[in-house]
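Only one structure is covered here, and it is reproduced in the block below.
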There are 2 protein chains.
Amino acid sequence: MTLGQPVSGEADPAPEGVPADEPRTVVAPRPRGSVMRDVARLAGVSHQTVSRVLNEHPNVRQETRTRVLEAMRALNYRRNLAARTLVTRRSGTLGIVGYETTLFGPASMLYGIEDAARTAGYFVSVATIRTLERDSVLQAVDRLSQQSVEGIVAIAPNPAVSHALAEVPAGLPCVGVGAADTHVPTVRIDNAAGAALATRHLLDLGHRTVHHVAGPSDWPEAAERVEGWRGTLYAAGAIVPPVLPQEWTARSGYERGRILAVDPTVTAIFCANDQIALGVLRALHEAGRRVPDDVSVVGFDDMPDSGYFLPPLTTVRQDFAELGRRGIDVLLAQIANGNRDAGQVVLAPELVVRASTAAPRSH
Amino acid sequence: MTLGQPVSGEADPAPEGVPADEPRTVVAPRPRGSVMRDVARLAGVSHQTVSRVLNEHPNVRQETRTRVLEAMRALNYRRNLAARTLVTRRSGTLGIVGYETTLFGPASMLYGIEDAARTAGYFVSVATIRTLERDSVLQAVDRLSQQSVEGIVAIAPNPAVSHALAEVPAGLPCVGVGAADTHVPTVRIDNAAGAALATRHLLDLGHRTVHHVAGPSDWPEAAERVEGWRGTLYAAGAIVPPVLPQEWTARSGYERGRILAVDPTVTAIFCANDQIALGVLRALHEAGRRVPDDVSVVGFDDMPDSGYFLPPLTTVRQDFAELGRRGIDVLLAQIANGNRDAGQVVLAPELVVRASTAAPRSH
DNA sequence: GACCTTCCTGTTATCGGTCACACCATAGTG
DNA sequence: CACTATGGTGTGACCGATAACAGGAAGGTC
């Protein structure tokens, strides 16, 4: 036992005159636990046999196995992942590239992904990016690939991200979650169909046309929703009002909502997400236009709070957790096959009708 | 160049009779990039010199250094973290134990922590837990320690989590973020002070007393806020209404709010977070009690949406990003010192007064 | 000139696992 | 009985980095 003995004290005797508390970056090495050899010794077998037990190799006698397992428990052994990774080239870790993960959607996907990865026996390493600049994204991907991640999930598969992914040398498996992308396989809900659902719902209620408060133009989710909304209006022969991309925030919705609120021809508004809808609701309220009597509002996402807005929000639900799970499925399939062509998985969104939509008042 | 050549194909010829598409877990090893020796050879130096350049050792001639750097660029070299971790016992990775990370607060802390860790040159591995059961927590901590994380940040430092942390053998540095805890150093805002701020504000406006809709009892944040609220009422000689712990959701707030709404003596409600407040607002609205004319409402957190509730919510702001940063600071200090006694860091919360509070109507 | 520093560089061991292979039983086959 | 499979186990090499140490060249001091 080396208890109480200074760690490697001989080699470099502290210079006497120098203040000892100077904040040097010399860090004491982490104390070492027991390793495979220790377990082997205690169990009276070779280290290779311990390895076999650990990896559930069939050719180990039952009695030997239990003896090894007992030794492992006695020594509180845990395998050193770094050593294993070094030799197998498989880290058992998946990387996540996240963007704006404080938003409800991304945060939920992150959660779903982590959950699914854990279930599949993988660790999860996260690299968030602050901006969608090329360098920022490349850096994040680089950080993850340094860690020998076996695959990467991009939560915001926008062009910058997937382009960086395509550049990853080793043909790293990857998947985009949330929106379509041409460079990487993706798992997403059908944003266009969701937008169409919302627009259709409003048209069916009798509204002449539907205004749209869009999300940021650099999010493909936002673009797809614009597309679905526009297409539906077009197919119905309704006029297509201009869109002005906004952020995903209530503030954005409020600002855009104030403009829409003073326009008496506006009777139905489809918002790119629920937070935007929240802002729009407030703007309408302040302008004295009642929802849904004067104006109908639909959101997108169905965050847990949406049912408690004033009034409760009609919205398009997407199952973020399921999205995460399916994303991991696709990634694992790629890892198993070695190729990237795992295709596209598209989940159907669902319209949740609450109290924020109604037929327009007939004059 | 080994391009096109099968990787170690000789050793284990595929058994002829077995269907080839059986889903076995045999995975092709990741193709290998260039390693230190390759760089060394190209630069005409030893691998150790490459290592010196990489680690910014001072004793390398300028010319040698540039030659090595060029070789690294030419070969697109990146250091193998697993090998480095194996020998140094330092993984450069911090672990995060997260709970309910889809909530705005936890998600924001996660983000702040990741950001700060990256800035400090650390990677981040996440282990979320679904329940606060002892086993679930232990498992998460175990997963992280398997990865040789150098420290752990607990986002929900509730007793179960910190207890598990205390059991980590190697004296792993750790820190709890968000609430006080007796087992681990913590970084938090002063939840009690924040609650006091809110309560005081309502009392100062002239309310006789303040009702409270609390968070879940197994979150120390919730308990601390109850404490601050209760203490302030007590000091002011106001009566202390009973509390019923709820979840952090709007739904919870709504349910509790419906009960409070029918009680005419209720004129001021302090909610444990903004989402609860949202539910309370709706319940009051439905009951025909106007905010702030009939009832004042205060939240906690200041999520981005709170300013767009109807009416805009008076709330207690906590700076989650700063919390994350400071958490990493404390953790890094522990890693540098080797001991766990990095004390408590307490940040001051701030009251943000908006339109949901006013003096009670005088009869 | 002998000697000691200081700067720069290379050689070898090592971290803790897995892989390839050798080995020894025992059992089955002709 | 010789010969081959097969189950169970041990031995040594190896993954790719860093640590420890050795040693050569250049410069300074006596």
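All chains are named by letter (A, B, ...) in the order of the sequence lines, taking the proteins before the strands, and each is independently numbered beginning at 1.
Put simply, CG on A/D38 is 13 Å from C1' on C/dC15, counting in whole angstrom units. Distance B/R41 CZ to C/dG10 P: 14 Å, rounded to the nearest Å. Residue A/N80 contributes atom CG, which lies 18 Å from atom P of D/dC15 at whole-angstrom precision. In this structure, NE2 of B/H57 is placed 13 Å from P of C/dG10, rounded to the nearest angstrom. Rounded to whole Å, atom P of D/dA25 lies 13 Å from atom CZ of B/R61. Summarising the geometry, the separation between CZ on B/R52 and P on D/dC21 is reported as 14 Å, rounded to the nearest angstrom. Rounding to whole angstrom units, CD of residue A/Q146 and C1' of D/dG16 are separated by 14 Å. Atom-to-atom, CG of A/L81 to C1' of C/dG16 comes out at 11 Å; the value is rounded to the nearest Å.
Considering only the side chain of B/S51, D/dT18 comes nearest among D/dA17, D/dT18, C/dG16. Out of C/dG10, C/dT9, D/dG16, the shortest distance to the side chain of B/V60 is found at C/dT9. Comparing D/dT9, C/dG17, C/dC15 by their closest approach to the side chain of A/T49 singles out D/dT9. Side-chain atoms of B/L86 lie closest to C/dC15 of the nucleotides C/dC15, C/dT18, C/dT9. Checked against D/dT18, D/dC15, D/dT9, the side chain of B/N55 finds its nearest nucleotide in D/dT18. Considering only the side chain of A/R89, D/dC15 comes nearest among D/dA17, D/dC15, C/dT9. Distance from the side chain of B/N59 is smallest to C/dC7 among C/dC7, C/dG16, D/dA20.
For a distance-only test at 3.5 Å, the side chain of A/R65 fails to qualify as a donor-acceptor partner of the base of D/dG8. Applying the 3.5 Å distance criterion, the base of C/dG17 shares no donor-acceptor pair with the side chain of A/R37.
Between A/L42 and A/Y77, the closest side-chain pair of non-hydrogen atoms is not below 4.5 Å. In this structure, B/H47 and B/V35 have side chains that are not in contact, with every pair of non-hydrogen atoms separated by 4.5 Å or more. At least one side-chain heavy atom of A/I335 sits under 4.5 Å from a side-chain heavy atom of A/Y122. Between A/V345 and A/V330, the closest side-chain pair of non-hydrogen atoms falls below 4.5 Å.
Applying the ring pair (Phe, Tyr, Trp, His ring centres under 6.0 Å) test to pairs two or more places apart or on separate chains, those with a residue in residues 78-101 of chain A are A/Y99-A/W219.
Regarding contacts with the backbone of D/dA17, every side-chain N or O of B/T85 stays at 4.0 angstrom or more from both OP1 and OP2. OP1 or OP2 of C/dT18 lies within a sub-4.0 Å distance of a side-chain N or O belonging to A/R79.
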Pairs under 3.5 angstrom, nitrogen or oxygen only, protein versus nucleotides 12-14 of chain C, please.
| unit_1 | atom_1 | unit_2 | atom_2 | d |
| --- | --- | --- | --- | --- |
| C/dT12 | O4 | B/H47 | NE2 | 3.4 |

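Between B/E150 and the options B/R90, B/Q334, B/R89, a side chain to side chain donor-acceptor pair (under 3.5 Å) holds for only B/R90. Exactly one residue among B/T93, B/I152, B/L94 makes a side-chain contact (heavy atoms from CB on, under 4.5 Å) with B/S125. That residue is B/T93.
Rounded to the nearest 0.5 Å, atoms CG (B/D142) and CD (B/Q147) are 10.5 Å apart.
Toward the 5′ end of DNA chain D lies the nearest nucleotide of A/V45, the other residue of the pair A/V45 and B/M36 mapping further downstream.
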